[in-house]
Every structure is written in C-alpha cells, then in structure tokens.
Amino acid sequence: MAEMTTDLVRQPAAVLAKAMAEGEVSSEDVTRAHLERIAEVDEQVHAFLHVLSDEAISAARAVDSRRAGGEALGPLAGVPLALKDVLTMKGVPTTCGSRILEGWRPPYDSTVVERLRAADVIILGKTNMDEFAMGSSTEHSAYGPTRNPWDLERIPGGSGGGSSASIAAFEAPLAIGTDTGGSIRQPAAVTGTVGVKPTYGGVSRYGLVALASSLDQAGPCARTVMDAALLHAAIAGHDPRDSTSIAAPVPDVVGAAERGDVRGLRIGLVKELGGEGYQAGVSQRFAEAVDILTSLGAEVVEVSCPNFEYALAAYYLILPSEASSNLARFDGMRYGLRDGDDGQRSVEEVMALTREAGFGAEVKRRIMIGTYALSSGYYDAYYGQAQKVRTLITRDFAAAFEKADVLISPTAPTTAFRIGEKIDDPLAMYLNDIATIPVNLAGNAAMSLPVGLAPEDGLPVGLQVMAPPMADDRLYLVGAALEAALVDRWGHLLIEEAPEL
Amino acid sequence: MTTAHDTIAFADALKEFEPVIGLETHVELGTNSKMFCSCPTAFGAESNTQVCPVCLGLPGSMPVVNRAAVESTIRMGLALNCDIASWCRFARKNYFYPDMPKDYQVSQYDEPLCTDGYLDVTVETDAGPREFRVEIERVHMEEDTGKLTHAGGATGRIHGADYSLVDYNRAGIPLIEIVTKPLVGTGELAPQVAKAYVTELRDLMRALGVSDVRMEEGSLRCDVNVSLNRPGDPWGTRSETKNVNSLRSVERAVHSEIERQAAVLSSGGRVVQETRHFHEDTGRSTSGRSKEQAEDYRYFPEPDLVPVAPSTEWVDELRGTLPELPSARRARLRAEWGVGEHEFQTMVNAGALELIEASIAEGVDPAAARKWWTGELLRIANDREMELADVPVTPAQIRRVESLVADGSLNDKLARQVFDGVISGEGDVDEVVAGRGLAVVSDDSSLLAAIDTALAEQPDVADKIRGGKVQAAGAIVGAVMKATRGQADAAKVRALLLERLGVSE
Ligand SMILES: [Zn+2]
C-alpha cells in the first residue's frame, strides 16, 4: 500500500489502525505524517494551542515496539488524536483558551486521557477553544480564533472549533471535544465532520475543566461515523471518580456503526427544530437526508416538543449560574495568572485584578448573569424557573421517544458564518445553538453528521440525530446508514470536497 | 476600647431581660479520609502534604462523597432523635476566600440530612440539678476549609498582615454541623446550659465514635447566637459570636454577650444584627461584619454530586449500631456506684466519669477511684490549668498506689507525693517511691530513736506529758514526723511515745 503512505493523513482512524495492525505502516510513520501536516497547515488553521511533537513520537515508538513484541493491542492503538484544551493531561499546559490559566500544567490526567493512554492512542496536542468553552465560533479564545478549513475567513464552530478544524484539516484523524450546549455537534456541522455528545454521565467528567457541571459532556470528533464509534467506546464507561457517571455497560456503539441499518426504525422529525430561522440550504439538505432515510426503510414521523421554545432561555440561566461558581476558583491564589500583587494590595484586590485581567468579555458576561441569577431574591425567578423548564424539556423528549426511536433535526440553523460577523451580537451567537441545547438540558445523546453542502454558499450542513439516554448506539445505527448512502451518492466522504489548504 | 459602661453586671442584666440562645456547632468527623477525596485526615502533618487535585479544587477535579462521613452523620442524627432524610443534596456556598480552594464550600443548605431532634442536658443549680431540652433544628455535612496563618501585622488577622500562608491539609476534612432551635427559658442559667449542651454533644460524639473531639486541635468550633428581650416582648435582635472553641469559652461567650447587649438596651440603644469574634484571652468579643452588609452565598445544588439517598434498611441498620448514650450511661453509673446526685454531678463536671470507670475496671476500689480523681488529681489539674483527662496518671498507677496504701507501705500523704512525682515525669509509681525514698517508716527501733531524740530536744514537753498532759504529745509527734520526712505513721508514733513515757490516753 505504497500510495497510502503518501496519503496517511487523509485516512480514517479505522483504516490506519488496520494498516498498523497488519504491519503495513508504523504508528511512528502515522504520527510523523500528522505532525508534519500540523507544521504545514496549522499556521493558517490555528487548531492547536500546544503540539506535543516529541511526546507523540516517543509514545508512537512505544506502541510500535509493543506491537513488534507480539502484544495484542486495542482497536485504536497507535492512532493520533487531538485533545481539546479543556481536559487535563499531566504536565501538559491546559489553558481552556483563557489567559487566566496560562502556564498551568496540571499534575494529573483526566479520566478521558487515562483511557486514551490505555487504548494506546497517540495524543498530538491540545486544541483551541472558546474561553472556558463559552462560544459557538472559537473567536472567544484568548489565543486567537481558529479558522474553518473550508473557508479560512469563516468560523469552525465552537466552542470546540480547534478539535473540529484539526480533523477537517487532516491534522488528526480523531479529536476529543466537549459539549455543553452543542460544542461538539455545531463545530462538526460547520466543518463537515462527525461529532457525538454521549449521554450525560456516559463519559467521565473527571479532569474536564467544568463550564456547567450538569451539562458538560466529553465525546468523540471524527471524519467517519465508525471512527467516532471506536473513539466513543474507548473513552466511555463508569468512573468512580465522577459520581455523576453512569454505572452501566456502554451501549454497543461500534456494533451499531458496523450494522448501520434504519429499516423499521421510527425517526421523529422535531417540528420545533426547523423552518423559520433556518438557512434555506440547511433546510434543503436536511430534507434530502430525510428522504434518504425514508428510502432506506425508516419510518419518518413528525413529533412536537413544545417546550423546546424555552430551552435557550433556560440554558442561558443554568449555564451561567453553574459557570459563575465553577470559575470562582480562578482567583490568582494557587495557579495560573496573578495580577496586581505588589505587596501592598489586599487579597480581595489581587483576586479582582486577576479576574479582570484574566477573563475575556464573554466569560465576564456569563459570570455576571450567573451571579445575578443565583442571588438571593432572584434565585426562584431565574435559576428555579430554568430548572422547571429543564424538567419540561426532559418530559418533551420522553414523550417524543414514545413515538420515535430517534429524533432528527438540522444541527445548526446556518452554515459557518464569517469571523467577526456575530462577535458583537451575543444573542445572534447564542441562537446558533438553538437545536443542540435541548439535548444537553435533558442529558440524552446526540450526533451531528454531514449531509451535504448548502447550495448558496458551498459550506457543509449537519444533521443531528438524538437518542434517549443510554441509547447512544441508535445514533450510530442511523449515522452509519445515512453516511453509507451519502458516500454511495457522492463517491467519497463530504470532507474530500474541502478545498486544499 | 472597653469602658465600665460597655457592660452591666450579669445579675442585673437578668433582672431586666430574658435571653434567647442558639448554638451552631461544627465538629470534625473522625473519618480516615476527607469528605470528598481519599486524602488522610491525620492532624499535625507537614503543611500541604495531605492534599490532592480534589481537595485542592484543581480545575477539572470532582468530589465523591465519603460514605463513612454520611454514616457518622446519620448515627449522630439518630442519637439526637432526628428524622433522617430519605433524599437530600449538597449545595455550594459561594464566597471568595483564600482558604477555600474552589472559592465555594460544599455544604448542605435547605436539604439537611438530619432534622428535628433534641438533646436533654442537666445543669447544677443551688436548688439541685435542672434538666433542659435543647431542640435540634438540623444536622448536616460539609467540608472544612484550609487554615490561614497571617504573618506580620499587629492583629494576627488577614488585614494588616505582611503575608499569609495557607495549609490545605484541613481543606475537605468532613465537618458535621449541629444547629439548635432557639432556646428560651434558661434565664440566668443560659451560659451553663450552653456549656452543658456542647459538653453533652462532645460526649455523645465520643460515645458514638464519630469524632474524638480534640478541642485543643480546634476540631470543635461553636457559633453562639444570643438575643435579649424584656419579659413579654418579642425576641430581640440577635448577634452571632464566632470563634468560640472551648467549653469554657461557650459559657463565657454567652455570659459576656448577655452583659454587652443588656448594656446597649438599657441605655436605649439598638442591638445590631452582626457577626462578632470571640477572644479567648479576654473572654470578650469584638464586632465583625454586620448582617446588613452580609454576603449573599448564592447557594445552589452541587451539580458535581448525586443526591444522598440513605435507604430505610441502612438507617435501621445504623440505628442498631448506636451504643449506650451518655445520659443512659450516667444514670447506670450513678446507680452502680450508689452516690448522691450532687456528688455525681461533681464528677460529671470534673470530667471524671470515664477516668473513674476506667480505674474501677483496672481493679481500683470504687470509693478510692472517686476519691483520687475528684480530690488530689482534680486539684493538680486545676493548679496546672489542664483538663482532668490530660493529667498523666493511668488507672494502673492508681491501682498500684492503692495497693501500696493497703499494705501499709504508703499513707495518703505519701501517695500524694507519689502522684506528684508521676505527673512530674519522675517515672512509674515504684520508681517514684524509690527515687524519692517514700515509704512509711514502720521499723519500731528507728521510730523509738527518733522519739528519744525529740524528747531530749524538748525536755519540758516530755515532763508535761509525763505529768499527764497527753495533749502535749502532738509537739513530739510533729517533731518525729518532721525528722522522718512524713514517712512515719503518726498514730503509731503517738502510741509508741505514750508507751515510752508510760502514759496512757
Ligand atoms: Zn484530597
């Protein structure tokens, strides 16, 4: 497979893993190819905040030598991966896209990193993100925006724009993202890649720097549904260090991705997630995908989730409330930035100056909203009401899942917008997550996968599949079937149509 | 600045006002590991060595509830006759302070684990013991903060310090907080009731084995709420005195706050709702933050933890593990020892029950055990300003001394010297006896020699005795006792003396 070595970076993880298992290529070769690609294109894309060149090469060599020694390795052994900079990795800078954590090297591995190491996945580096995962464009990173490989003037989505851009730019075949309101799925949609938010509690949050604890969930980013399934299986499962993690077997996501079958499956079209406010090309490609699913043997039904209307409002009370508390610890006392400590100022002044200097505008905005919403006298009207809405949304999902096995919608109302276009209009930015947020509020599972390019701008459109809690396998059943049908139609993955960098 | 007008005498205060008191008591649980991580809780380790990402609140770390801490809290709740919640949550109490790694404390807010209990306490009065029922509002769990040390500056407080050091070894140690309902009707006994309540809590926790309550290590901390009202009036505005960390201080804090508020009210002033800081050295408190400018803690349910939902079976199982509680034990001991109420209360107040019980278990005669612990050893404890339990004398040593007294080798006076030696670190009982040369002189010939010497030195006294003035014998006996450094049996000396002079009583 001589031609493959010249084209290693364009291969899916499953193909690379198989080639390595069969001795056709080494992990060191694969890793070097990706590091070279990063060196070549990341100046334009800016997906990475920190590249672990030496560490990745030596980890790859270790995998190669164990493989040479006849050791049986896992299905992703030797495959490189990009890690969102919100997960701790021992000794490696973790900034969460914020100045306030500049220079902090965590003394411990997150559970996700521990499991990646156990799976012999090679971690290439840490990817850019909106500061503390607050944003839908990666423009809120303190270290400059990431650019969309489809069009460098456009956003790669957010908050995990670095992770999605890295796989769309062929800098890594796999990436880890985190999804609080769509931060895996919306970047996947606008970069023509696959992203999955597992069921809340499906993947351990230990070592994931919390934005909103009750909403955050780490998950896989990839270019194919099968690759996402392999990564999902590698990182999921109960963790005693995260008491919100679910003590139950991980759904058979890889098996489902292998089967890829929607025959007899009831697919619910969520009435409230579509129509007005959705870009024409997005609606068009979504409708075509629905037709394909029907032609593949699925039974498509319309369902209504009336309380989704209040999801965005509830989300923007719950998230800032939890975030205001989660981000309190960044006070300059123990790690990261400390500003204004001249030996004269009081501890309160140093804390205030540090936070003033260390946090960006969006973070400050949400801390203020959250602080207000939790204040005595306002709690019931804001946080309390939002929690009630959350319960109603969960009930809407439960009712919808009585009528359908999975639900679908466009992932985002628009394709990738231009950098700078919405930066001064927070509400317009927030509306980008209108279709992804209900899932986080209810805690169930969802996937975004590419279903074509919008005719008006030639940019990728994503379709969202939503499954009940702990039925993550259904995402892969639908995703793999739809992906296979689309690849049949196009002759290749959508990502192959991305312009050369 | 304290002036004579800042307070009015306690007795006068109580003529005019009725106190309402309330106590919030925080105690470190004696679990091996912290509330939300597996770090050890041992006291006295080098600073910041018993820490991990969780109790340091490092970004990304997550808490997991220590089941042993929940168990201890439920047992405490059961012993306090509380209802145990079948479902409750932790909450975050948000405020910025450098001793808090996360700038919020994980505590319980409106969903405590235990609610609505009571504890009966007894205080000694001139009219005999009086019992009060202290109603318990709630018992809940929370994590402790780190410990700040302020260097430089005059006050030892954070303001004005040159720099401050933080030890996070204490951060995350499980605390139990026990909150009383407002307690009315204690009148002039309010300070004693407060002290008796905290003492009873301490004993209860020790009996349950949920904490050994090391007061000197700061493992028990009290906040004391006091308000005053004129009879028939609604309750007054309360103050909350923090930093009350010993049994004696609890009593003093209530006492001094009653005096202070009475002075304010008597002079037509208004008591401010505020937090006050108690000072061990002066026994007085100073004003802290007033509630008008109090912080808003923005409590909300801790999203990193799942609810605590103890099953009925588990609670029943824990109920079955409750030992004999202190009040029941006291009733039993008093009956077993057959002592009067007043005498028994003296032993309780001295903190002597366990010590007497242990001594009896060691084989010491019950009366002798009571005599030593409430007599000489208590006197030594008071002299040295230490707790009776901290007097370094063991039941085995008491037994040894008693056996030496029983066989006539020691008398009570010598025995006291033996204890003095033991406490002064001169060794075990026999070593002190040997080292100090303490033994009753029972050898007749050496006693007779000493008597003859004394008679020769005081011939006029000798004549008086010979002449029948037997009461003059005391001077000679005294001289002999002095010569033998107290090691003689005085009665025996007297008998020998009279025999020597041929006189009878
Ligand atoms: Zn710890």
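Labels below follow one simple rule: chain letters A, B, ... track the order of the sequence lines, proteins then strands, and each chain is numbered from 1. Only a predicted model underlies this, so the values are computations on that prediction, with no experimental measurement involved.
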Item checked: Pair A:R205-B:D304, side chain to side chain contact (heavy atoms under 4.5 Å, CB included): steps then yes or no -> CA-CA 9 Å; A:R205 290 190 293 119; B:D304 281 336; 3.0 Å; yes
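- Neither the backbone nor the side chain of A:Y378 comes within less than 4.5 Å of any heavy atom in chain B.
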Note to self: Determine whether B:S164 and A:M333 satisfy the following criterion, side chain to side chain contact (heavy atoms under 4.5 Å, CB included), listing intermediate values before the conclusion.
What the structure shows: CA-CA 11 Å; B:S164 303; A:M333 293 297 112; over 6 Å; no
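- Here A:T244 contributes atom OG1 and B:M62 contributes atom CE; the two are 4.0 Å apart, rounded to the nearest 0.5 Å.
- Atoms CZ and OG, on B:R92 and A:S321 in that order, are 11.0 Å from each other to the nearest 0.5 Å.
- A:T88 touches chain B through its side chain: at least one heavy atom from C-beta onward sits under 4.5 Å away, while N, CA, C and O do not.
- Side-chain polar atoms of A:S376 and B:D296 form no donor-acceptor pair below 3.5 angstrom.
- Here the closest non-hydrogen pair linking A:S243 and B:V306 is O-CG1, 3.3 Å.
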Margin query: Could you go through A:S324 and B:R298, starting from their C-alpha distance and side-chain angles, then the distance that decides it, and tell me whether this counts as side chain to side chain contact (heavy atoms under 4.5 Å, CB included)?
Written below: CA-CA 10 Å; A:S324 70; B:R298 292 172 283 121; 4.3 Å; yes
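- One N or O on the side chain of A:R334 and one on the backbone of B:P101 form a donor-acceptor pair closer than 3.5 Å.
- B:D103 and A:R355 are not joined by a salt bridge, as no carboxylate oxygen comes within less than 4.0 angstrom of a charged side-chain nitrogen.
- The choice from B:V166, B:L56, B:V54, B:V64 that makes the most heavy-atom pairs within less than 4.5 Å of chain A is B:V64.
- Annotation: maximal heavy-atom pairing with chain B below 4.5 Å, among A:G377, A:S325, A:A210, occurs at A:S325.
- For A:Y206, the ring-ring contact (aromatic ring centres under 6.0 Å, His included) partners at least two apart in sequence or on another chain are A:Y108.
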Note to self: Working note: B:L58 + A:Y335, criterion side chain to side chain contact (heavy atoms under 4.5 Å, CB included); need CA distance, chi angles, decisive distance, verdict.
What the structure shows: CA-CA 9 Å; B:L58 292 186; A:Y335 42 78; 3.7 Å; yes
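- Counted within 6.0 Å of CG on B:N32, heavy atoms from surrounding residues, nucleotides or ligands total 12 or fewer; the atom is thus considered open.
- No part of A:S204 comes within reach of chain B, as not one of its non-hydrogen atoms sits under 4.5 angstrom from that chain.
- Not less than 6.0 angstrom separates the ring centroid of A:Y379 from the ring centroid of B:F300.
- Both the backbone and the side chain of A:N326 come within contact range of chain B, with heavy atoms under 4.5 Å apart.
- Proximity to chain A (any heavy atom under 4.5 Å) is restricted, for B:Y299, to the backbone atoms N, CA, C and O.
- At least one side-chain heavy atom of A:M351 sits less than 4.5 Å from a side-chain heavy atom of B:P98.
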